[in-house]
Number of protein chains: 2
Amino acid sequence: MTDPRGRSDSAALSATEFRTLGHQLIDQLGDYLEGLREQPIRSEQSASRIKDLLAEDPFPEEGSPSEHVLGRAFSLLTQNAVSTAHPRFWAYIMGSPSPMGALADLLAAVVNPPVTSYPTCAITVSMEAQTVRWLARLVGFPTDCGGLFLGGGSLANLVAVRAALHARAGWDVRGEGVTGGAGERLCLYASGESHTSILSAVNICGLGSRALRKVGTDRDGRMRVAELEERIQADLRAGHKPFMVVATAGTTGTGAVDALPEIAALCERHGLWFHVDGAYGGFAVLSPDAPSELLALRFADSVVIDPHKWMYIPADVGCLLTRDRRVLYDTFHQGAAYYATSDEQTLLGGPETLQLRDLGPQTTRGLRALKVRLCLQREGKSGYARMIGDDIRLARHLHARVGAEPRLQALTQNLSITTFRYVPEDLAADTAAHRDYLNTLNKQVLLRLQRGGLAYPSHTEVEGMTVLRVCIVNNNTTQADVESLPGWVSRLGAEVDAELRPGREAA
Amino acid sequence: MTDPRGRSDSAALSATEFRTLGHQLIDQLGDYLEGLREQPIRSEQSASRIKDLLAEDPFPEEGSPSEHVLGRAFSLLTQNAVSTAHPRFWAYIMGSPSPMGALADLLAAVVNPPVTSYPTCAITVSMEAQTVRWLARLVGFPTDCGGLFLGGGSLANLVAVRAALHARAGWDVRGEGVTGGAGERLCLYASGESHTSILSAVNICGLGSRALRKVGTDRDGRMRVAELEERIQADLRAGHKPFMVVATAGTTGTGAVDALPEIAALCERHGLWFHVDGAYGGFAVLSPDAPSELLALRFADSVVIDPHKWMYIPADVGCLLTRDRRVLYDTFHQGAAYYATSDEQTLLGGPETLQLRDLGPQTTRGLRALKVRLCLQREGKSGYARMIGDDIRLARHLHARVGAEPRLQALTQNLSITTFRYVPEDLAADTAAHRDYLNTLNKQVLLRLQRGGLAYPSHTEVEGMTVLRVCIVNNNTTQADVESLPGWVSRLGAEVDAELRPGREAA
């Protein structure tokens with residue numbers, strides 16, 4: 001290092017140090033996984049405590065010993081973060097992380113191969129393309145499709161919207177932009193319960209939020225297809241240019257599945273791009289307990305499924321599948337003097353499936369396909385069918401148990417999401433009149449439940465009601481875990497109600 | 001599992017199995033790292049061989065033993081993939097992967113915490129926000145900035161373009177889209193040597209490729225600032241709406257750094273968003289050997305730096321920094337009934353820096369900040385300054401050695417990228433007349449070099465010449481590694497030349 005022309009020895013972490021640190025970390029993580037069930041899901045920390053914790057880590061002007069650095073991070077995370085691996089973590093839609101997926105991430109990161117194009121690294125792009133086809137087969141989509149892995153469903157929805165623009169705008173959007181054509185306004189349709197990433201994609205693609213028609217939903221949270229048809233007709237009459245319908249297969253709030261067969265037929269009739277956001281619910285086609293309408297995702301022009309949701313794979317990894325295997329390449333491809341090229345890849349499917357940096361918004365890309373591949377190989381299709389089916393049955397079992405509990409009101413039950421709320425006995429006769437109070441009460445119940453660390457649902461709104469929401473995409477959850485919840489919520493509900501209405505308690 | 005109401009036992013990999021597999025994998029990876037220097041960087045496989053390899057892995061209808069699955073992946077990757085950790089991997093711009101970064105990925109994946117918003121998981125978003133500020137400090141950007149981690153520079157450039165539109169279009173792009181305003185055409189500027197992701201961002205944002213003005217470059221690959229000024233004036237005269245200039249700090253081809261101070265002043269004058277794509281070169285501010293103009297990145301409205309390039313961190317992780325700490329939140333934020341909210345985070349900086357799912361295109365996000373944080377803590381700013389400086393000095397040393405080699409023509413040298421080519425002695429007097437032959441010859445030399453597996457440069461074009469391109473963002477590279485290259489290229493050049501011009505050899 002004293003040589004003015006550069007180092008004479010490698011400056012990286014040595015293999016020996018890697019071994020020592022690695023074995024230590026594996027043991028620590030093994031202990032963590034073993035003890036997880038007995039630990040709180042989250043240790044609630046105040047903002048000032050978090051601030052103090054971070055202040056202990058000053059800007060690193062100089063380096064620190066690896067063991068100290070890694071040990072500190074292990075403590076910070078395992079003592080303060082929410083653990084999605086905990087058997088009673090049921091919030092949002094984050095799958096319990098398969099340790100096999102985590103080991104795959106380690107392997108991918110140490111080798112760190114390029115995953116950009118066939119001539120750059122044939123094996124990685126071929127493995128990704130094969131894994132994409134496997135996922136298509138898993139959910140019943142044609143396996144001669146196009147597709148790729150992305151950082152999650154939100155990015156995958158963005159790529160789908162951009163591809164739909166390319167295919168259906170009617171002019172050269174790459175060259176002209178969304179302002180091309182004869183001045184028609186491009187517009188697309190999704191339900192009011194669609195994921196926020198649809199509006200985000202519309203925003204990023206430069207269409208403006210007014211281009212997104214939010215179609216109303218029925219009581220179950222499903223898009224009203226008759227209203228969809230009316231909106232399209234109205235836009236056509238107004239001289240606008242409808243190009244896409246986004247159907248949701250498993251809404252984030254309550255797991256509702258839109259009427260895919262009817263929407264597919266409607267898109268066919270109007271020549272619209274039929275996109276299915278199945279980030280969560282797409283995998284449920286594997287279970288005979290899921291709505292049979294899910295099978296119609298096979299008719300979609302594009303489908304999003306998120307392995308980091310119902311394949312129990314660590315974040316972040318989403319997958320986009322496209323019926324037309326060339327559309328992503330046509331939408332995104334570019335050349336550059338510094339990119340490698342080759343014709344040999346045609347044997348394996350051609351650039352439209354292998355030139356991965358040309359199929360989406362990333363150039364350098366991690367091999368996130370590896371964790372999906374290895375988890376699928378370990379569990380098999382049959383394993384996923386069983387685990388997903390179990391999650392659905394557990395969520396239904398919870399719904400039944402909640403319904404049998406005196407002061408709990410069972411609400412929606414779709415896929416593996418069950419919603420319910422606490423209603424004091426004296427308010428049960430006219431809940432509508434006490435809606436605001438019940439919402440406040442249930443928000444408090446949820447916060448207290450989460451802070452207690454025993455169980456971790458999240459919340460959503462159902463017809464104006466704030467409700468507790470249990471989403472089981474967690475293959476660590478057992479029946480006993482689920483059965484413990486109604487009693488806890490009842491007790492917390494009574495406790496919070498007594499605090500919020502002390503007069504009544506005293507009366 | 002036979003219970004019709006759901007599983008009675010966890011279906012996940014047990015902690016015991018995780019330990020066994022984990023220790024095995026650490027040992028295998030330790031062996032791999034130890035032996036890497038003696039291994040070929042890449043074992044060239046034909047497409048039919050790759051096809052056969054993949055055909056050995058059928059669609060997994062049923063599960064397989066974990067050990068088999070993981071072992072198979074280890075073999076597939078270590079025997080067939082390009083290893084960016086090899087001391088003589090010098091292609092593209094992929095940093096040699098720090099094993100510490102890989103261990104951080106493992107830790108993040110096993111705990112798998114949410115990284116979406118403060119109320120969802122305070123510690124992770126706070127750690128990311130702090131690490132973003134650390135990177136700002138590392139490269140001399142104001143630390144009260146906004147920013148976040150993304151999957152790489154391409155995504156970060158996309159987010160920057162979208163934020164610039166929000167800030168400078170002059171109308172409500174979120175609501176109206178890029179077709180709003182009084183019909184002016186939005187346009188932006190980047191050099192002809194800018195990265196492909198700039199055009200890709202323009203494409204995704206719906207502006208159309210014609211909105212991007214590609215400004216010419218000088219012989220060193222730097223944007224011609226006078227031409228930039230002329231193009232802006234011409235667009236203003238034509239009634240268009242310039243909104244952004246993208247300066248490149250380290251072009252992908254040759255590492256050229258645009259004249260940041262002049263471009264900053266020009267943007268200031270015209271009220272344009274000043275973006276610096278420093279994905280590669282931004283980190284070079286740490287070295288006194290880099291162009292001092294790099295320091296002017298501190299004046300940018302937004303800067304992209306890629307830790308998976310010159311911080312030697314496994315893919316994928318890029319970072320966007322914004323001078324205005326609110327602009328990303330204002331560009332992207334959304335609410336939803338199922339999202340958690342909290343006011344407490346104001347103590348730590350407010351939603352504009354902590355509501356990470358509202359600052360870009362991802363919702364569920366991996367904790368990719370962790371590997372950046374831990375590597376920075378291990379090496380310190382001083383360590384990165386030393387390693388980056390060494391890379392630059394090694395690239396210069398190579399340039400000097402190439403210049404001293406009879407049949408090698410040294411070409412560009414910027415940052416840690418050196419380009420050169422092989423020129424047979426009898427063609428040296430008039431290379432222009434033999435350009436096509438020399439290009440063919442050097443392409444063949446590169447392919448043979450890569451296939452041999454001893455050293456792995458890539459190629460680019462310099463003034464119409466196909467050249468070998470060595471980019472050292474590899475802290476495993478030693479001076480001896482660099483010194484071995486000129487001799488190998490000379491020998492391969494003579495060998496290929498003799499095959500391509502057999503008549504001459506016989507003469």
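Throughout, a chain's letter reflects where its sequence line sits, starting with A, and its residues are numbered from 1.
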Worksheet item: B:L106 and A:I26: which non-hydrogen atoms are nearest, and at how many Å?
Response: CD2-CD1, 3.9 Å
Response to the item:
d(B:R174 CZ, A:L207 CG) to nearest 0.5 Å is 14.0 Å
Worksheet item: Among B:D105, B:T78, B:T364, which has the most heavy-atom pairs under 4.5 Å with chain A?
Response: B:T364
Item to complete: Tell me, for B:V110 versus chain A, whether the close heavy atoms (under 4.5 Å) come from the side chain, the backbone, both or neither.
Response: both
Worksheet item: Which region of B:R368, side chain (C-beta onward) or backbone (N, CA, C, O), has a non-hydrogen atom less than 4.5 Å from a non-hydrogen atom of chain A, or is it both or neither?
Response: side chain
Worksheet item: Backbone N or O of A:S154 within a donor-acceptor pair of the B:T363 side chain at under 3.5 Å?
Response: no
Discussion item. Report which part of A:R42 has an atom under 4.5 Å of a heavy atom belonging to chain B: side chain, backbone, both, or neither.
Written reply: side chain
Practice prompt. Before giving the answer on side chain to side chain donor-acceptor pair (under 3.5 Å), spell out for B:S66 and A:R378 the whole-Å C-alpha distance, their side-chain angles and the decisive distance to 0.1 Å.
Written response: CA-CA 6 Å; B:S66 300; A:R378 178 178 189 271; 2.6 Å; yes
Worksheet item: Checking A:V173 against chain B: side chain, backbone, both or neither under 4.5 Å from a heavy atom?
Response: backbone
Worksheet item: Are the side chain of A:D316 and the backbone N or O of B:G366 linked by a donor-acceptor pair below 3.5 Å?
Response: yes
Fill in: chain A contact via B:L158 - which portion, at a heavy-atom distance below 4.5 Å
side chain
Worksheet, complete the sentence: Looking only at B:L199, B:L370, B:L70, the option with the highest number of non-hydrogen pairs under 4.5 Å against chain A is B:L199
Fill in: Heavy-atom proximity to chain A below 4.5 Å, by part of B:L25
side chain
Fill in: Region of B:P87 that comes under 4.5 Å of a non-hydrogen atom in chain A
neither
Worksheet item: Which region of B:T116, side chain (C-beta onward) or backbone (N, CA, C, O), has a non-hydrogen atom less than 4.5 Å from a non-hydrogen atom of chain A, or is it both or neither?
Response: neither
Discussion item. Checking A:L29 against B:R19 for the side chain to side chain contact (heavy atoms under 4.5 Å, CB included) test, could you report, in this order, the C-alpha distance in whole Å, the side-chain angles of both residues, the deciding distance, and whether it holds?
Written reply: CA-CA 8 Å; A:L29 290 172; B:R19 262 185 232 271; over 6 Å; no
Worksheet entry | Option that, when pairs with chain A are counted at under 4.5 Å, heavy atom only, ranks first among B:L165, B:L150, B:V482, B:L77 | B:L77
Worksheet item: Under a 4.5 Å heavy-atom cutoff, which of A:A122, A:G175, A:A15 has the most pairs with chain B?
Response: A:G175
Response to the item:
Counting heavy-atom pairs under 4.5 angstrom with chain A, the leader among B:R137, B:R396, B:R365, B:Q362 is B:R137
Discussion item. Heavy-atom cut-off 4.5 Å, strictly under: side chain, backbone, both or neither for B:R373 against chain A?
Written reply: side chain
Worksheet item: What are the two closest non-hydrogen atoms of B:L53 and A:I123, and how far apart are they?
Response: CD1-CD1, 4.3 Å
Worksheet item: What option among A:A91, A:P114, A:G101, A:S96 has the most heavy-atom pairs under 4.5 Å with chain B?
Response: A:P114
Worksheet item: Quick one: are A:R7 and B:M387 in side-chain contact, heavy atoms under 4.5 Å?
Response: yes
Worksheet item: Closest approach of B:A81 and A:P113, non-hydrogen atoms and distance?
Response: CB-CB, 3.8 Å
Practice prompt. Tell me, for B:A480 versus chain A, whether the close heavy atoms (under 4.5 Å) come from the side chain, the backbone, both or neither.
Written response: neither
Fill in: Choice from B:A47, B:S209, B:P314 maximising heavy atom contacts with chain A below 4.5 Å
B:A47
Item to complete: For A:Q130 and B:D57, test the side chains for any donor-to-acceptor distance below 3.5 angstrom and give the result as yes or no.
Response: no
Item to complete: State, to 0.1 Å, how close A:W134 and B:F59 come at their nearest heavy-atom pair, and which atoms those are.
Response: O-CE1, 3.3 Å
Worksheet item: Is A:V111 close to B:F74 at the side-chain level, that is, under 4.5 Å between some pair of heavy atoms?
Response: no
Discussion item. Given heavy-atom pairs under 4.5 angstrom as the criterion, report whether the side chain, backbone, both or neither of B:D306 touches chain A.
Written reply: neither
Worksheet, complete the sentence: Of A:A73, A:S200, A:G177, A:G153, the largest count of non-hydrogen pairs under 4.5 angstrom with chain B goes to A:G177
Worksheet item: To the nearest 0.5 Å, what is the distance between CG (B:N112) and OG (A:S83)?
Response: 8.0 Å
Worksheet item: In Å and rounded to the nearest 0.5 Å, what is the CE to CG distance from B:M127 to A:N80?
Response: 9.0 Å
Worksheet item: Between the side chains of B:S64 and A:Q377, is a donor N or O closer than 3.5 angstrom to an acceptor N or O?
Response: no
Discussion item. Which heavy atom of A:G63 sits nearest to which heavy atom of B:S382, and what is that distance?
Written reply: N-OG, 4.4 Å
Worksheet, complete the sentence: In short, B:G30 meets A:F18 closest at the heavy-atom pair N-CE2, 3.9 Å
Discussion item. Side chains of A:N203 and B:R162: any donor to acceptor distance under 3.5 Å?
Written reply: yes
Discussion item. So does A:H23 get a backbone contact from the side chain of B:D27, meaning a donor-acceptor N/O pair under 3.5 Å?
Written reply: no
Worksheet, complete the sentence: Under 4.5 Å to a heavy atom of chain A? For B:I392 that would be neither
Worksheet item: Of the backbone (N, CA, C, O) and the side chain (C-beta and beyond), which part of B:M100 lies under 4.5 Å from a heavy atom of chain A, both, or neither?
Response: both
Fill in: CD-CG distance between B:E17 and A:L103, expressed to the nearest 0.5 angstrom
9.5 Å
Worksheet item: Between B:I93, B:V115, B:T16, B:V178, which has the largest tally of heavy atom pairs under 4.5 Å with chain A?
Response: B:V178
